[in-house]
Engineer: 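There's a structure below that I have some questions on.
Values reported hereafter were calculated over all heavy atoms of this structure, with side chains retained and with hydrogens, waters and symmetry mates removed. Remember, predicted model here, so these are calculated numbers, not experimental data. So you know, we letter chains A, B, ... as the sequences are listed, proteins then strands, and number each from 1.
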Protein chains: 2
Amino acid sequence: MNKIDQTPWTADLVAADLERAIHEHRIPPGTKLGEDDLAEAYAISRTIVRAALLALSHRHLVELRRNRGAFVAQPSVREAREVFEARALLEPRTAHSAALRMTPQALAVLEENIAQEHAALDAGETGKALFLSGQFHVEIARIADQTTIETFISELISRSSLIIALYWRRRAALCETQAHHALLEAFATADASLAEQLMKSHLLDLVASLDLRNLTQPPTSLREALQR
Amino acid sequence: MNKIDQTPWTADLVAADLERAIHEHRIPPGTKLGEDDLAEAYAISRTIVRAALLALSHRHLVELRRNRGAFVAQPSVREAREVFEARALLEPRTAHSAALRMTPQALAVLEENIAQEHAALDAGETGKALFLSGQFHVEIARIADQTTIETFISELISRSSLIIALYWRRRAALCETQAHHALLEAFATADASLAEQLMKSHLLDLVASLDLRNLTQPPTSLREALQR
DNA sequence: CATAACACTATTGTATACATTTTTGTCGAA
DNA sequence: TTCGACAAAAATGTATACAATAGTGTTATG
């Protein structure tokens, strides 16, 4: 896990690096993130590591337990529902705004994103594909020119990745590309209402593909022990 | 500013304490939050102070400038608009949900909140009144039983307080109590649609009471120097 | 043999020392 | 006098030492 580089790792960079690793399912939920381990991996002191972990905990991607350490978060069924309810509140209207503000450049960015996602899937890099499909949603918020909402959506997307890791029904790869293609069509024709509706459906499909019955709860302590 | 107590200040407590002080306009936007000053005020080391400042920066209440220090945030006109657009997306639907879940206990909490707000206004404690009126909105999200959205709204409320400090038109105190009373009525009768509509209007009124013309921009560096 | 008390180990929590950077103040030259 | 360079001071950035705590293993005792 040694990072070979000469860049000075700042806390933000470490947090971003870890967030991407979590988002891509390279680090599974419940994994303990020991301070010394991380400090050695990035060749920095624990001070920076702690700042990075603090940032991730504020985004609900890492759970800090006093005198216990940092663990990749394991969203509960309840939390999973809440995350997608929040997304349902934010994303459709944001897609609407994005459609109204769409430009050829922005459209190209979205197309490129889908292309990369396809490439990743073909290469069998499901983690990277998952990350890119999340970026598609963040990109829409960026196109809508809503930095504040983009921040919220970005966090919700990352948390969604944890939820997918825990509650995804099938073992097969996520095929969100179809829904994204449909959205792209709506954006290309600047059909805001359609984009809003498609986003709403897309999110509903996502939730429907999860197994959010409370049967498997709680995965808190026992599961954590098994997973590390 | 010396805090006389025997409680062990944790980073979270310090952050909460500072957030309330900012929310109540006891610390104006642009104020420099020196690490040594805070460490002395709370009788803790800079380590804890930095963790607290980091938390506040993640909530966009404090701006951290590398090698420069921490400053109470000064939301731009653009950011101000974004914050209220985000609130417009989240709060009406949340009020709707809250109305459906309303209980006598929850209603009593809201009533008590308004009563305290009145008392604060009568006592001339406009800062405390402002804080309480913000808490009213957070309480609604709590009643809606949406922890995730509550976190977002809580942040947006605190940022709104900074926006009010910078862009409020009149010097007179905010009289949000009327709108809150109307909302209480809707909640009491469990009229979800009405509550949603009232919340939407309330937020529009709030934005309308701000002076968000771009004329006074940018207040970044010069203003900051004058204010500290 | 089971259990409880104890000590040990590993890890996190906090404070502080040192390095780096920015800011400020002073001196000198144009 | 004004401007610039340099030096001193103050603040933040980072690393590390030490303290405190939870987890683990051992041992003694019933």
Engineer: What's the CD1-P distance between A:I48 and D:dG13, to the nearest Å?
Structural biologist: 10 Å
Engineer: How are the rings of B:F136 and B:H180 set to each other: parallel, tilted or perpendicular (split at 30° and 60°)?
Structural biologist: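 Judged by the thresholds at 30° and 60°, the geometry between B:F136 and B:H180 is parallel.
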Engineer: With a 4.0 Å cutoff (strictly under), does any side-chain N or O of A:R50 reach OP1 or OP2 of C:dG13?
Structural biologist: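 Yes, A:R50 has a side-chain N/O under 4.0 Å of OP1/OP2 on C:dG13.
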Engineer: Can you measure B:E63 atom CD to D:dT12 atom P for me and round it to whole angstrom units?
Structural biologist: 15 Å
Engineer: For DNA chain D, whose closest nucleotide is more 5', that of B:G34 or that of B:T47?
Structural biologist: B:G34
Engineer: What is the distance, to the nearest angstrom, from the CG atom on B:L38 to the C1' atom on C:dT14?
Structural biologist: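 Spelled out: CG on B:L38 to C1' on C:dT14 is 17 Å.
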Engineer: Can you check whether B:K32 has a side-chain N or O nearer than 4.0 Å to OP1 or OP2 of D:dA10?
Structural biologist: no
Engineer: Under the 3.5 Å rule, do the base of D:dG13 and the side chain of B:R46 count as making a donor-acceptor pair?
Structural biologist: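 Indeed there is one.
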Engineer: Are there over 12 heavy-atom neighbours, none belonging to B:R93, within less than 6.0 Å of that residue's CZ?
Structural biologist: no
Engineer: What's the verdict on side chain to side chain contact (heavy atoms under 4.5 Å, CB included) for A:W168 and A:L210, showing C-alpha distance, side-chain angles and the deciding distance?
Structural biologist: CA-CA 5 Å; A:W168 183 248; A:L210 300 174; 4.0 Å; yes
Engineer: For B:L13 and C:dT14, what is the distance between atoms CG and P respectively, to the nearest whole Å?
Structural biologist: 11 Å
Engineer: Nearest whole angstrom, please: distance from the P of C:dT9 to the CG of A:D36.
Structural biologist: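 So the two atoms are 17 Å apart, to the nearest Å.
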Engineer: Return the value, rounded to whole Å, for the distance between atom CZ of B:R68 and atom C1' of D:dT12.
Structural biologist: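 It works out to 12 Å between those atoms.
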Engineer: Of the listed nucleotides (D:dT16, D:dA22, C:dT16), which one gets closest to any side-chain atom of A:S45?
Structural biologist: D:dT16
Engineer: Rounding to a whole Å, what distance do you find between A:R66:CZ and C:dT12:P?
Structural biologist: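 It works out to 13 Å between those atoms.
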Engineer: Let me know the distance between CD of B:E35 and P of C:dT21, rounded to the nearest Å.
Structural biologist: 16 Å
Engineer: Closer than 3.5 angstrom, by distance alone: can the side chain of B:H58 be matched with the main-chain N or O of A:R59 as a donor-acceptor pair?
Structural biologist: no
